[in-house]
Every structure is written in C-alpha cells, then in structure tokens.
Protein chains: 2
Amino acid sequence: MSAPAPTLRSLARQLGLSRTTVSDALRGSPRVDPKTAERVQRAAEEAGYRRNPLAGALMSELRRSRGTAFRGVLAAVDFTEPDRPDAAGRFHRELVIGAETRAGELGFKVEKFAVGHAGVSVQRLDSILQSRGIHGVILLPAWDDPDLSNLDWTRFAGIYTDYIIERPALHSVCSDHYRSLLAALQRIVALGYRQPGLYLQRHQDERLQFRWSAAFRAFQESQPEIRAIPPLIVAAHEQETFARWFKQHQPDVVLGHHTDAIDWMAACGAELPGRHGFVCLNKNMTARPCAGLDLQPRTLGARGAELLIAQLQRNETGIPEWPSTTTIPARWSDGPTLRLAAP
Amino acid sequence: MSAPAPTLRSLARQLGLSRTTVSDALRGSPRVDPKTAERVQRAAEEAGYRRNPLAGALMSELRRSRGTAFRGVLAAVDFTEPDRPDAAGRFHRELVIGAETRAGELGFKVEKFAVGHAGVSVQRLDSILQSRGIHGVILLPAWDDPDLSNLDWTRFAGIYTDYIIERPALHSVCSDHYRSLLAALQRIVALGYRQPGLYLQRHQDERLQFRWSAAFRAFQESQPEIRAIPPLIVAAHEQETFARWFKQHQPDVVLGHHTDAIDWMAACGAELPGRHGFVCLNKNMTARPCAGLDLQPRTLGARGAELLIAQLQRNETGIPEWPSTTTIPARWSDGPTLRLAAP
DNA sequence: CGAAGCCTGCGGACAGTCCGAGCATGTCCG
DNA sequence: CGGACATGCTCGGACTGTCCGCAGGCTTCG
C-alpha cells in the first residue's frame, strides 16, 4: 500500500544498471541499446514509475546553462509611433520596470528594443533577436494596431501588454477596465455622489471594445438610485463640447482621462472636491494630482514577465492555439479632486 | 563579466561555512546565530546571489514528503451544492478533462475532491491535501459563493475556473464573456439579422457582473443599423413572460442560455432557422443541438492547470497580492437554430 | 597487427532543503 | 566540584533527474 514511490535509482538498482542508463532509456536516447531500453521501459511501467516533473525541469535547465551567470534574456519591444500621446511614455516605463524586477527574480534580464518609425524594422528585429539568442518578447502597448506577424514566431514566445491581440494573436496582460470601473463607481456612490458622468475620447473606448462605456452603462442599469447621464464620447477634446454636456446633464462627478476637464468643470461653476468630483481613469498618464484609478503598470509588467518565463520554461514558442488575456484590477487612489467621505 | 552565477555552495566556500548554514541563514531559520545570519545575508547581497526557484520548489517538496516522493498531483475541488442546475455537471467534467490532459503533459496528475453538502468539510480537505502532499488546487465553478478561506493557503497554490475570486482572492481562468458576445453579435449581423434580443436569468448575469448585458448594450450602442431591443432579464424562466416580451419587441434572433426558448419562439409563430434564429450562450450546458457559443471548458481547464503548475514550479503558495483573471474567448459553433448565410 | 571509430554504459557534478548528528558551552543539583 | 542534562550553533548526508566526458569492448580497415 504505502510502498515508497519508485525512483530512477531504485529502478536502476533493481535492474542492475546505473541511474544514467535508466534515465536515458526512458527518454529514448539513442545511446542505449534498444534491447536494454525496452527492458527498462517495461520494468518502469510495471513498477508504476513516474518521473518527478520538478526535478526534470530543474535538471535540464541546470545542465543546459552550464554555470553561466544569467539564464535568459527577454526583449521589451516598443513601437515608436508619431501620433502617440507623450503621456504614454510614463506608463511604458513603469511596465518595463515591473517586468525587469520580476524577470530578475526569476533569473532573466530584460533588454529594450524600438521598432517602427524611430526604430529598426521588424525584419531587422528578427535577426537581432535570433543572433542574440533571445526567445522571449514582451510587446509594449501601441496606440494604433501594430503588425508583428512578420517575426518568425516559431522561434519566439511573446506576450502583449494590451488588449489588442491580433497580428499575431498572442497571450496578453492588461488592466481589467470593466471590473475596475464598476468598483470605482461603487466607491463613488459610497461617497455620496449620485450623478456620475463619463467623459471619453472615442478612440480610447474603441481600443478597449467599449469596455469603459459598457461598464458605466451596466452600473447605471443595475443601480436604480443613480440618475443615468449619457456618456460624453468625443472625437477630440474640446472645452466647448464638454461645457455644453456638463451644463445640460449636471453630473456631480466626472470620470475621464483628460485632466483639463477639471478646469473646465470649475469654469462651469463646479466645486471640487466639495459638491463635485473628478476621477481620472488612468493616473499613470497624467502628472496632475487627482483621485482615480492606478492601472498598475508595474504589476502588469511583472505578471507579463511571469507568464512569458513560464512559457519559456515549458519550451513553448509560436502562436498559441487559443490566446488568453490575463487581467488585473486597477488600484483605487484617493486624491484632491474627490471628497474623502460622504457629506 | 560572465562570472559564473553564485550558488549556495560557492557562497559557503567563500564564507568558510557549510552550504546548509548558508541556506538556513538566508531563509531566516532560528537555528543559525543571528550574527552569522547577518554576515551571510550581506555577503549574498554583495555577490548578487539569487536562489534558483526551481531547485527550491523541488527540494522543499522532496524533503518534506520523505519517502512518498513528490509525483506532481493537483486537486480538482468541486463544491457540491443542492441548488446547482444539473446541466452544470457536463461543463465541470469537461473542465476536469482539460486540466487532466494538460497536467499529464507536464508530468502532473489530477485527483477529484468534493467539498460541502455531499462531500467533506473544508477542514477535512485541508488535512487530506496536507497528508497526500498535494499543493496545487483547481477550484471548479460554484453556483453560489463558496468560501475556502479556511484552507491554510500558506501551503497551497490555487486557481479558480470562474470569475468569482473572493474568499480568498486567487488567480482565476474563465471565458471572456464580454468579448465573445460582441463577436457573436458581429457574426449574427453578418448573417443578416437586425434585431437581436438578449434573454437571461438575472442570477447568471449578476454572477458575471453584468458582462453579458453590458456587451449586448455596448454593441447596440456602437451599431446604428441595429434596432435596439431591451434585454429580457428574469428571475426565473417562464414561457408567459418570454412570450409577452417576444411579441412586443419582435426580435429576429434571440441569444440566451435556456433552450426551451426555442419552443417558445416557435409557439409565438417564429420560423427557425429561416426568418428567426436562436443562439445559445453556453452550448456545454445543454444537450439540445443549436447554434451558439462553446465556452471551451477543456481549454479553460488546460490553461488553468498550466498556470497552477507554473506557480508550483516557482514554489509560490498563498494568496497572491494582485489576483489576476485569465480569459479565453468562446468558440463559435454553427447549428440548426440559425441560418448559415445572409438571405 | 595496430589505429581509428563506434556502441553501450557508467560516474561525477549540479541545484537547495531538511533532518539527525555532533560539538561546544552553559546550568543545575547532588 | 563533577556528572547529567540542556541549549545554541553548525555540519554532513541523502534526495531528485540530467548532461557531459570517459572508458571498455568490439568492429573495421589499411
């Protein structure tokens, strides 16, 4: 019943062979005599031997790297684009810091590469990565649809730090915008606000397949005590459009990316953080202090590195059959544009 | 430049201590002299020592289980509940099959456990898992909120196959309901339908934080050529309620879980799959052939096992600081309740 | 007949952990 | 004061599976 589980060594003893030969035989190495191999395999099956997966993973990694200092390098690839907002730079830097830190803990290094507009071509990147022996690629978020299908993905494992997962469809990590906005609204209501308004640039909502506005409407629908205000979704930010919407619908709190709206609200007679409030939907994209959501780029970068390294350790490259998206909720952060307790 | 990476042994040699003492010191064991411990920690930091997580995972497992060697076992835990719909059984079985298959490829086995109502208590589960040396737990979806915070999570790594990630908040894998519904609607519109209607049980939408209805409304909002029909969201399925809604709003295609609705539509004079259509939102929960979404329980189970094993290989147990949700899109599946091309 | 090459199998080294053993020092009590 | 016992600290052994180098025996061929 409780016989000790068979190991390579016990099996070898029983067969009168060395553990090495048994190991080689079970993995089908050409170094062992086919007759011996078959004998070993039969004995292993009879004894119910199962190789320890942890030991296997450790040893193959150990012997392969042969004492060299670092075990692997990941590439962080940035698409330089002419029309990307400058503020995105900070978000990117934080993502990379998170990835670097976590990768370091797991024995990997991260190196940055720029592609497109102000960087190298995709072809060139391919050959650089090949010659450097880099097999893990972290793709930083791009403003427009990037296209990396030209990379020879049979040799790489990759991960996006964004929702956009086409061309090619790889695994990705990103914020859980939907859930985070619901949580933020619950918080806001707990603070006594009753007429939340959403203010977005159309491109930003479309990029996320309308997750911001969908969560907002779902919340309005599920909370009868809230007065439903139609979201203001614009092509470009303009004070006049905003002011018209604000005066017509009179939201007592506005959620949005564009922090200039704080001034525009004030210009319309709003009192922040007393009767009115402003919540920023991505605090990492603005330098202005305010309450809002921290989309946690560091944590995202860290989890991305983790997922990528797990793939490399399983020796998996290429485009996954079913790409998955791993999301992390945003962290709420208080600030001077919102009251701290219900009045 | 490329000095060999410092190991426990090299560090010990350099300090004139044994590898054991160094290991104990770095892990804060009370067995070492605090002065020695500090000396070791400083030296380790200086040398840039980083412990190999794979070796750590292997060794702690190996030495802890003494004899009954680690053979990589995961527990699939099912919450037996009196009020869960029977159809859920099939979804669960598929999840487990997916997990078993993928785990097998990675050298792990899966064993099933039942908790609650018709199974063991959480306390009992804890001691069973401990004594069996199992450290990876896959939590199958529950109809109501399960509570597993009584498990001693410092010793386990766990993953949910569901959105619900409270008590405690672990990582999870589940379908991307939001994105899948958007994709399904796009497909339906391409087939020429113009008045899609959504039919849900309230509990099912609430469980997913309204993701079904939110995606539906977001699609209506973004597609002006669609006639917006208010979703029918009921406490319990009743033909009369459905018929009233159907006759009033006249959807030409209905999306829902409850396949009886197909008969109810026909009773209202609908022609399937000609002028009208029905799309099932979870084909794995019904035996009736129809068009709809395959939420891919096998793929979910496989990815869950993968994520869990990656944690075990990093020797990570306990409740993660930032729980993440990994989602996989549903697969579209044609069927006899929907036309195959635009008329 | 000797050198070269192949086939087959073996031993060493490697990672970090845990337990029991061992040694030195301190304490207590007869 | 000395033996018994306790405590604090350190060390060595054993454990997992893999990979490379090495060695002994055999065959081949000039």
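So you know, we letter chains A, B, ... as the sequences are listed, proteins then strands, and number each from 1. Keep in mind the model is a prediction, meaning the values are calculated, not measured. Below, all heavy atoms of this structure are taken into account, side chains as well, without hydrogens, waters or symmetry copies.
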Does [X] contact [N] through a side-chain donor or acceptor facing the base, at a distance under 3.5 Å?
{"X": "B:Arg9", "N": "C:dG16", "answer": "yes"}
{"X": "B:Arg19", "N": "D:dG13", "answer": "yes"}
{"X": "A:Thr20", "N": "C:dG11", "answer": "yes"}

Non-neighbouring partners of B:Asp294 that pass salt bridge (charged side-chain N to carboxylate O under 4.0 Å, His left out), sequence neighbours left out
B:Arg331

Those residues that, when tested against A:Glu111, pass salt bridge (charged side-chain N to carboxylate O under 4.0 Å, His left out) (two or more places apart)
A:Arg132

Would you find a donor on one side and an acceptor on the other, under 3.5 Å apart, between the side chain of A:Thr161 and the backbone of A:Leu139?
yes

Residue whose nearest DNA chain C nucleotide is more 5′ - B:Arg27 or A:Val32:
A:Val32

Among D:dT16, C:dG12, D:dC11, which is the nearest nucleotide to the side chain of A:Thr7?
D:dT16

Report the nucleotide, chosen from D:dC9, D:dT16, D:dG12, that has the shortest atom-to-atom distance to any side-chain atom of B:Pro34.
D:dC9

Quick check: on DNA chain D, is the nucleotide nearest A:Asp24 upstream (toward 5') of the one nearest A:Ser10, or the reverse? Name the residue that is more 5'.
A:Ser10

From CG of B:Asp33 over to P of D:dG8, roughly how many Å is that when rounded to an integer?
11 Å

Protein-nucleotide distance (B:Leu8, atom CG; D:dA14, atom C1'), rounded to Å
16 Å

So, is [X] close to the [N] phosphate, meaning a side-chain N or O under 4.0 Å from OP1 or OP2?
{"X": "B:Ser23", "N": "C:dT17", "answer": "yes"}
{"X": "A:Thr21", "N": "C:dC10", "answer": "yes"}
{"X": "B:Tyr49", "N": "C:dG16", "answer": "yes"}
{"X": "A:Arg31", "N": "C:dC6", "answer": "no"}

Side-chain donor-acceptor contact under 3.5 Å, A:Ser23 with A:Arg19:
no

